[in-house]
Protein chains: 2
Amino acid sequence: MSLPPPVILDRASPVPLYFQVAEQFEQAIVDGKLHPGDRLENEIELARQLGLSRPTVRQAIQLLVDKGMLVRKRGVGTQVVHGQVRRPLELTSLFDDLSGTGQGPRSRILRLTRIPADAKLSHALRTAPGHELWALERLRLIGDDPLAILRNWLRTDIVDLSAFDLENEGLYGSMRRANVSMSLARQRIGSRRATADEAELLNEEPGAPLLTMERTAYDNEGRVVEFGHHVYRPDLYEFEMTLLQK
Amino acid sequence: MSLPPPVILDRASPVPLYFQVAEQFEQAIVDGKLHPGDRLENEIELARQLGLSRPTVRQAIQLLVDKGMLVRKRGVGTQVVHGQVRRPLELTSLFDDLSGTGQGPRSRILRLTRIPADAKLSHALRTAPGHELWALERLRLIGDDPLAILRNWLRTDIVDLSAFDLENEGLYGSMRRANVSMSLARQRIGSRRATADEAELLNEEPGAPLLTMERTAYDNEGRVVEFGHHVYRPDLYEFEMTLLQK
DNA sequence: AACGTCTTAATGTCCTGACAAACTATTGAC
DNA sequence: GTCAATAGTTTGTCAGGACATTAAGACGTT
């Protein structure tokens, strides 16, 4: 005897039905109502219970399969994955999430100025040399401990920045408000020694190892909208990610 | 006037039709027959030209959208993405690819022994303390330059390892031959100072920064099948990845 | 030239239906 | 008890269809 599917559908909602189903199954997994190893009802039975078509149910399940939360096997069924995937590294997580709860990370703006692009920046941002850019530099802290130095450069003709907006909505929020959409970003994670300035800002010794992350973000038209270079104290930070077999 | 779709379907093939379509579109993008910014025929017309149903064509397109090669927009159409995604970091790329071509990286086995699991390893591999493990340590080189020290631990009851097999097919190949399938892996990328031993092996100064990567791989049943800890010379290596907007 | 409206184009969502393939369980023969 | 064959279960693939929503272009008016 299996549980009814933990789903209540709202056909009046603008949220697609397949998405509602996926979200509620995901919530059931996260909440512990569905446990690793649990098997779902077969697709035809699920569709019948939910009053949906089988393709719609399959589409919902596929979303969770893509997220690594469910696994399907022909002739066997659909099962909640053992060892749940933690939230994968996503585009927006590259920007500071000013959730403001508890003792989470926060950022202090060190500098926000307009500069002409030098050769390196004009190459990274695909602009003409001398093109005007925002140069944003922030110190990221956990409590009173410095965690990272975040440097970002953006074209001034794409987005307007102010210290006030950055404090309230973060860089990503400012870009979204300027209707700058990002569809993909390339990043490289590496390591090097801290410079004297970085060491001082991060309370490290000069020459101490730093974890580095350099990123170029593109919009839907393939234009570079942002270039960033971050350095982190490796004793306080590491990049965690989940890889799925394709 | 648009080009015919670059697709030849083989209905006798065991490869699903949607997959054939996706593969051949992808090939056309990679080969330059389709350029960034190019728009595909609309779905209905594509389906007609290919003699397929629209859902089948949509499934093929969705594969390439998920790979970040195509982008769709309601009311507008489907377009080849500007700024193609490079091959994303995948599970198997974590293991050495002994492609043996040119001056690619190669590995020298430093040690392959059976050891009883200590507390840390039994925790990482979810075994009882004392459980027998393979301890594999390799030095990875580019030409004559040491690049990385790769350490991996696996349960001896899951896979058999030999220096011969590792030289010929790599760790991943050995696991595949033992029917060990991995569906996901968690990894953390960080940085720390080199120990004296590591520094000597990597031709670095003691205390030099190293880029580190720790990984736990799981099979389809959620069991830990491998635990690895790699350290890289950051002047010779960085992790590069592409993130897609979800 | 700018703006609003309408039409057209294309994708997004959802449905019904059928058959194939892989996996598991059952049954019968030896 | 073992093995092969068969049946049952479930997902995978594919087809055809309809309506909704979003986006862009054309056209008329100011």
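Just so you know, these numbers use all the heavy atoms, side chains as well, and skip hydrogens, waters and symmetry mates. In what follows, chains are A, B, ... by sequence order, proteins preceding strands, each numbered from 1.
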- prompt: Rounded to whole angstroms, how far apart are CZ on B:Arg58 and P on C:dC15?
  reply: 15 Å

- request: Select one nucleotide: of C:dC14, D:dA15, D:dT21, the one nearest the side-chain heavy atoms of B:Arg74.
  value: D:dT21

statement: Rounded to whole Å, CG of B:Leu46 lies from P of C:dA9 at a distance of 17 Å

message: Less than 4.0 angstrom between a side-chain N/O of A:Tyr18 and OP1 or OP2 of C:dT13, yes or no?
response: yes

task: Return the nearest nucleotide to the side chain of B:Pro16; candidates are D:dT13, C:dT13, D:dT11.
output: D:dT13

statement: Atom CZ of B:Arg72 and atom P of D:dT21 are separated, to the nearest Å, by 18 Å

statement: Taking C:dT16, D:dA24, D:dT13 as options, the one with an atom nearest any side-chain atom of B:Lys73 is D:dA24

- request: Look at the side-chain N and O atoms of A:Thr56 and state whether any lies under 4.0 Å from the OP1 or OP2 oxygen of C:dC15.
  value: yes

query: To the nearest angstrom, how far is B:Asp10 atom CG from D:dC14 atom P?
result: 12 Å

message: The side chain of A:Ile44 is closest to which nucleotide in this list: C:dC15, D:dT11, D:dA15?
response: D:dT11

message: Pick the closest DNA chain D nucleotide for A:Thr78 and for A:Pro55 by heavy atoms, then say which residue is nearer the 5' end.
response: A:Thr78

query: When rounded to the nearest 0.5 angstrom, what distance separates CZ in B:Arg48 from CD in B:Glu43?
result: 15.0 Å

- prompt: So which one's nearest nucleotide on DNA chain C is more toward 5', A:Arg11 or A:Arg54?
  reply: A:Arg11

field: Under 3.5 Å: donor-acceptor pair, side chain of B:Trp153, backbone of B:Ser122
entry: no

- request: Specify the residue among B:Val76 and B:Leu52 whose closest nucleotide of DNA chain D lies further upstream toward the 5′ end.
  value: B:Leu52

- prompt: Roughly how far, to the nearest 0.5 Å, is the OG1 atom of A:Thr78 from the CG atom of A:Leu46?
  reply: 8.0 Å

task: Please state how far atom CG in A:Leu40 lies from atom P in D:dT11, giving the value in whole angstrom units.
output: 8 Å

message: In this structure, how many angstroms lie between the C1' atom of D:dG8 and the CG atom of A:Asn42, rounded?
response: 12 Å

message: Whole angstroms only, please: what is the CD1-P distance between B:Ile61 and C:dT11?
response: 7 Å

message: Tell me whether the NZ or CZ atom of B:Arg114 lies within the 45° cone about the ring axis of B:Trp134 and under 6.0 Å from its centre.
response: yes

query: Taking CG from A:Leu70 and P from D:dT10, how many angstroms apart are they, rounded to a whole number?
result: 16 Å

field: Any donor-acceptor pair under 3.5 Å from B:Gln20 side chain to B:Asp10 backbone
entry: yes

